[in-house]
Amino acid sequence: MSTEPVAAETPGTPEFRAVRVIVIGLMLGLMLSSLDFVIIAASMRTIADQLHGQTLQAWATTAYMVTSTIATPLFGKLSDLYGRKKLYMLAIGIFLAGSLLCGLAGSMYQLAAFRAVQGIGGGGLTALAFAIMGDVLTPELRARYQIWFSAVSAVSGVLGPPIGGLFAGADSLLGIDGWRWAFLINLPIGLIALLVVQARFRMPGKRRAHRIDYGGALWLVVCLGPWLVVSEQGRHWGWGSLPTLSLLVVGLVGLVLFLVTERRMADAAVIPLRLFRNRMFAVINGANVIVGIGVFGSLIFLPLYLQLVKGQGPGEAGAMLILQTAGVLTTSRGLSKVINRSGRYRAFLLLGMGVVAGTLFVFATLDEHSSLWLAGALIYLLGAGVGICFPVTLLALQNTSAKEDMGVSSAAFSFFRGIGGAAGTALFLSMMFSLAGSRIEAAVGRAGRDAGFRAALADPAVVADPANRPILDTVRGQGGINLDDTSFLLGADPRLAAPVVRGIGDAMSTVFLAGGCVMLIGFLLALLLPGRARQSATKEAEVPKAQPAAS
């Protein structure tokens with residue numbers, strides 16, 4: 001292929017065939033990362049139970065998010081030095097190695113470490129897919145093929161939850177634990193992608209020299225790592241204990257050194273600090289962090305609510321999560337054109353955040369007796385709000401940035417959303433499991449006045465059943481319930497399990513309430529945006545030039 005982007009497609013030409021092959025290869029790579037995320041979300045309850053680490057699942061989720069977030073800008077710049085094809089194949093290889101290791105994990109800590117490896121590959125897949133698109137496609141073709149990539153996300157969102165539920169609900173497949181296939185399913189898809197890329201990719205040869213901000217990436221890990229550990233372990237150590245305070249100080253030092261490094265690296269930084277002088281950039285990315293905290297921190301609880309509180313199996317919960325994808329598609333489809341025509345980023349962002357906040361507040365009122373129809377409607381609405389928030393923040397960044405800052409502005413969108421998502425997931429999971437123990441004890445205490453609960457305690461068959469032992473020990477004051485493995489709820493007497501489920505539901509309600517409050521903070525922050533924003537001067541100047549080429 002030429003080193004220039006393809007200007008037009010003529011069926012049958014070498015350029016036509018080459019572009020189609022490249023797009024198919026990119027779609028396979030993006031399917032790896034997008035399908036993996038939704039499959040794991042649907043099956044995480046079973047995975048955590050099998051590895052006896054339900055209260056540690058934040059490690060596995062945030063490890064992926066943090067490494068993916070940091071790897072995204074680094075892969076983009078490294079590919080400028082060493083070529084897109086080599087780095088894209090490396091990203092696929094790292095992702096597959098991480099997937100295989102995750103499928104072999106024997107503990108939650110091992111899974112977290114292997115998910116971190118997987119996240120490095122996932123960050124590379126995301127960064128390089130859009131970089132390669134920019135290399136080989138003109139803006140007109142980019143917009144046309146964007147529909148194909150949207151279809152990948154849609155298919156992943158529809159198929160991922162049921163597939164995750166299928167794997168989680170199976171004891172074994174081909175002699176391997178069913179839940180392990182949630183990771184191993186990536187291997188055949190990834191191998192096909194590798195073969196396509198190796199055999200058929202013909203990438204432009206133009207490269208650009210860059211300084212790589214390795215120091216900034218290192219200090220960012222030093223900043224985020226200790227803080228995420230504190231968010232997970234602070235409830236065990238004590239929030240004022242020496243280990244907690246020490247790690248907070250280490251994280252603060254990492255933040256200061258990160259900012260110093262970014263200032264010194266200037267435009268070569270992971271995130272150039274000069275961009276924050278732009279009010280739109282600063283406010284949108286602040287809102288992006290808030291959206292990441294509220295949305296990702298809350299979405300992780302949807303399958304947990306359906307399985308732990310409503311008692312659904314993994315397959316049933318996975319099927320209901322399709323409603324979330326339907327909500328995203330309903331609002332995001334065609335929204336870009338409306339936003340671009342109006343330029344009213346503030347209004348749409350306020351609408352999206354308002355929908356998410358309101359939905360989370362209503363979720364906070366649900367319990368084990370709430371209608372599944374109501375839960376399904378709320379899951380759909382939550383997806384609809386997300387389908388507004390993410391596109392509007394990305395478009396606001398891209399359409400108000402100078403041409404030379406387009407790449408870093410797009411990277412900043414993924415960067416700050418990922419940081420917010422990692423923080424929200426860690427904080428909200430820590431909050432839930434910090435509250436769950438006391439809420440369960442309180443619910444069990446109140447259940448003593450319930451005739452059905454007392455009858456179960458007096459039934460010799462119930463008392464003799466090993467599945468009821470964790471609850472009976474709690475009633476007798478012989479220890480609290482260990483939530484690292486919640487599978488005992490599947491076989492426990494429903495009368496005894498009811499207060500445990502109620503306590504877990506109460507803890508989740510508090511988390512949903514906190515998520516709604518976080519989104520309200522983002523709502524207030526969005527008010528700082530101008531009512532109607534104009535495109536950057538660079539973009540406006542380009543519009544007349546683009547018209548003849550499009551005709």
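Quick note: numbers below take in every heavy atom, side chains included, and nothing from hydrogens, waters or symmetry partners.
Side-chain atoms of Asp177 do not come within 3.5 Å of backbone N or O of Trp179 as any donor-acceptor pair. Between the side chain of Lys310 and the backbone N or O of Tyr305, no donor-acceptor pair lies under 3.5 Å.
Smallest separation of non-hydrogen atoms from Ile290 and Val518: CG2-O, 3.2 Å. Of all the heavy atoms in Gln307 and Gly313, the pair that sits closest is CG-O, 4.3 Å. Minimum interatomic distance between Ala526 and Leu350 (heavy atoms only, all atoms of both residues): CB-CD2, 3.7 Å. A pairwise comparison of heavy atoms in Ala58 and Ala426 identifies CB-CA, 4.1 Å as the closest pair. Taking all atoms of both residues into account, the shortest heavy-atom contact from Ala384 to Thr331 is O-OG1, 2.9 Å. Ser68 and Gly122 make their closest contact through OG-C, 4.1 Å (heavy atoms, listed as atom of the first residue, atom of the second, distance).
Val38 is not listed as a side-chain neighbour of Leu321, based on a closest heavy-atom distance of 4.5 Å or more. The shortest side-chain heavy-atom distance between Glu262 and Asp213 falls under the 4.5 Å cut-off. Put simply, the side chain of Tyr88 reaches to within 4.5 Å of the side chain of Leu26, judged on heavy atoms. Looking at heavy atoms from C-beta onward, Tyr64 lies in side-chain contact with Ser33 at the 4.5 angstrom threshold. Side-chain atoms of Leu35 and Ile185, non-hydrogen and from C-beta on, never get closer than 4.5 Å to each other. Side-chain contact check for Leu382 versus Leu378: every heavy-atom pair is 4.5 Å or farther apart. At a threshold of 4.5 Å between non-hydrogen side-chain atoms, the residues Ile379 and Leu306 count as touching. Contact check for Val291 versus Phe390: side-chain heavy atoms found under the 4.5 Å cut-off.
Once rounded to the nearest 0.5 Å, the distance linking CG of Asn285 with CZ of Arg417 reads 12.0 Å. Note that CG of Leu351 and SG of Cys389 are 8.5 Å apart. Values are rounded to the nearest 0.5 Å. Atom OG1 of Thr61 is separated from atom CE of Met44 by 4.5 Å, given to the nearest 0.5 angstrom. Gln54 CD to Asp49 CG: the interatomic distance, rounded to the nearest 0.5 Å, is 4.5 Å. With rounding to the nearest 0.5 angstrom, the CZ atom of Phe95 is 9.5 Å from the CG atom of Leu187. Here the CG-CG distance, from Leu51 to Leu56, works out to 10.0 Å after rounding to the nearest 0.5 Å.
By the side chain to side chain contact (heavy atoms under 4.5 Å, CB included) test, Ala105 pairs with Gln110, Leu111, Phe114, sequence neighbours left out. Every residue two or more places apart in sequence or in another chain that forms a side-chain hydrogen bond (donor to acceptor under 3.5 Å, both in side chains) with Asp36 is listed here: Arg115, Gln118, Asn186. Checked against side chain to side chain contact (heavy atoms under 4.5 Å, CB included), Ala71 has the following partners two or more places apart in sequence or in another chain: Phe75, Ile120. A search for side chain to side chain contact (heavy atoms under 4.5 Å, CB included) contacts involving Leu173 returns Phe167, Ala170, Trp181, not counting sequence neighbours. The side chain to side chain contact (heavy atoms under 4.5 Å, CB included) test applied to Val66 returns Ile70, Leu224, Leu228, Ala422, not counting sequence neighbours.
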Go through the steps to decide whether Leu194 and Leu96 satisfy the test side-chain contact (heavy atoms from CB on, under 4.5 Å), and finish with yes or no.
-> CA-CA 10 Å; Leu194 271 178; Leu96 293 184; 4.0 Å; yes
Should Leu302 and Leu323 be marked as a side-chain contact (heavy atoms from CB on, under 4.5 Å) after you check the CA-CA gap, both sets of side-chain angles, and the distance that decides it?
-> CA-CA 11 Å; Leu302 295 183; Leu323 293 170; over 6 Å; no
Just do the side-chain contact (heavy atoms from CB on, under 4.5 Å) check on Tyr345 and Val283 with the steps written out, would you?
-> CA-CA 12 Å; Tyr345 305 114; Val283 173; over 6 Å; no
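Within the structure, side chain to side chain donor-acceptor pair (under 3.5 Å) pairs that include any residue of residues 314-327 do not occur (at least two apart or interchain).
The aromatic rings of Phe428 and Phe301 lie tilted to each other, with the angle between the two planes from 30° to 60°.
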